[in-house]
Amino acid sequence: MAAILLTKEKRKELEDELHEMQVHGRKDIALKIAEARSHGDLSENADYDAAKDAQGMLELKISKISKTLANCQVIDLSEFPDGVVHILSKVTIKNIKTGKISEYTLVSDAEADYEKGKLSTASPLGKCLLAKKLGEIADMNLPNGLQQFEILEIS
């Protein structure tokens, strides 16, 4: 499995979430299962079925986060050159065709959140921006044609 690139903040967030689920989440689910069992016949007990389903979902999330943390690599910005778009760059771009200006922070898939301006380096736009310098044009081929973006600022 390839390394999953994370910021220190995201790794800490995942570690905290994992701890919360392992300690409190499991305890809460166990209490719900015990309560549902006390209601009698398990074969027709919707509360018991719901609690067991919730337990399965919780364990799935715990497993997924554990695997992410086991395979993560914390990003060190000192490894990347200045003036070039790379992961964790905050980049301001202008769509050449529409003139619309947008700002994104390039992140790994695990941290991507388009609504917060966090764009995955694996996305089509993220891929075309990587390794570009200030003033360069990034070309993105889409089914409806070529989109071009000018790099206005990199920080």
Answer with yes or no whether the hydrophobic clustering places [X] together with [Y]; edges join I, L, V, M, F, W, Y residues whose side-chain heavy atoms lie under 4.5 Å apart.
| X | Y | value |
| --- | --- | --- |
| Ile87 | Val91 | no |
| Ile93 | Met140 | yes |
| Leu130 | Leu88 | no |
| Tyr114 | Phe149 | yes |
| Ile154 | Val107 | no |

Contact summary for [X] and [Y], nearest pair of heavy atoms:
| X | Y | value |
| --- | --- | --- |
| Ala54 | Ile29 | CB-CD1, 3.6 Å |
| Gly25 | Leu58 | C-CD2, 3.5 Å |
| Arg11 | Val74 | NH1-CG2, 3.2 Å |
| Ile4 | Thr68 | CD1-CA, 3.9 Å |
| Gly126 | Ser123 | N-OG, 3.0 Å |

Exercise. Is Glu59 paired with Arg26 through a side-chain N to carboxylate O contact shorter than 4.0 Å?
Worked result: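 Salt bridge: yes.
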Exercise. Do Glu111 side-chain atoms and Thr7 backbone N/O form a donor-acceptor pair below 3.5 Å?
Worked result: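 Side chain of Glu111 to backbone of Thr7: a pair is present.
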Exercise. Counting distance only, does the side-chain N/O of Asn45 pair as donor-acceptor with the main-chain N or O of Ala36 below 3.5 Å?
Worked result: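 Such a contact is found between Asn45 side chain and Ala36 backbone.
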Please report the interatomic distance [atom1]([X]) to [atom2]([Y]), rounded to the nearest 0.5 Å.
| X | Y | atom1 | atom2 | value |
| --- | --- | --- | --- | --- |
| Leu106 | Leu129 | CG | CG | 6.0 Å |
| Ile75 | Lys8 | CD1 | NZ | 11.5 Å |
| Tyr104 | Ser120 | OH | OG | 13.0 Å |
| Leu6 | Asn71 | CG | CG | 10.0 Å |
| Ser89 | Lys132 | OG | NZ | 13.5 Å |
| Met21 | Lys61 | CE | NZ | 5.5 Å |

Exercise. Are the side chains of Glu103 and Lys90 in touch, meaning some heavy atoms are under 4.5 Å apart?
Worked result: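 Counting from C-beta outward, Glu103 and Lys90 do come under 4.5 Å.
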Problem set entry | Contact check, side chains of Tyr48 and Ile33, non-hydrogen atoms, under 4.5 Å |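 Of all side-chain heavy-atom pairs linking Ile33 with Tyr48, at least one is under 4.5 Å.
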For this session: With sequence neighbours excluded, give me every side-chain hydrogen bond (donor to acceptor under 3.5 Å, both in side chains) pair touching residues 13-24.
Result: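 Only Lys10-Glu13, Lys12-Asp16 qualify under side-chain hydrogen bond (donor to acceptor under 3.5 Å, both in side chains).
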Exercise. Take atom CG in Asp82; do more than 12 heavy atoms of anything else shown fall under 6.0 Å from it?
Worked result: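 Atom CG in Asp82 is not packed in, count stays at 12 or less.
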Problem set entry | Residue pairs passing the ring pair (Phe, Tyr, Trp, His ring centres under 6.0 Å) test where at least one lies in residues 65-99, sequence neighbours excluded |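 The answer is Phe80-His86.
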For this session: Could you give me the CA-CA distance, side-chain angles and deciding distance for Leu18 and Leu14, then say whether side chain to side chain contact (heavy atoms under 4.5 Å, CB included) is met?
Result: CA-CA 6 Å; Leu18 180 62; Leu14 289 175; over 6 Å; no
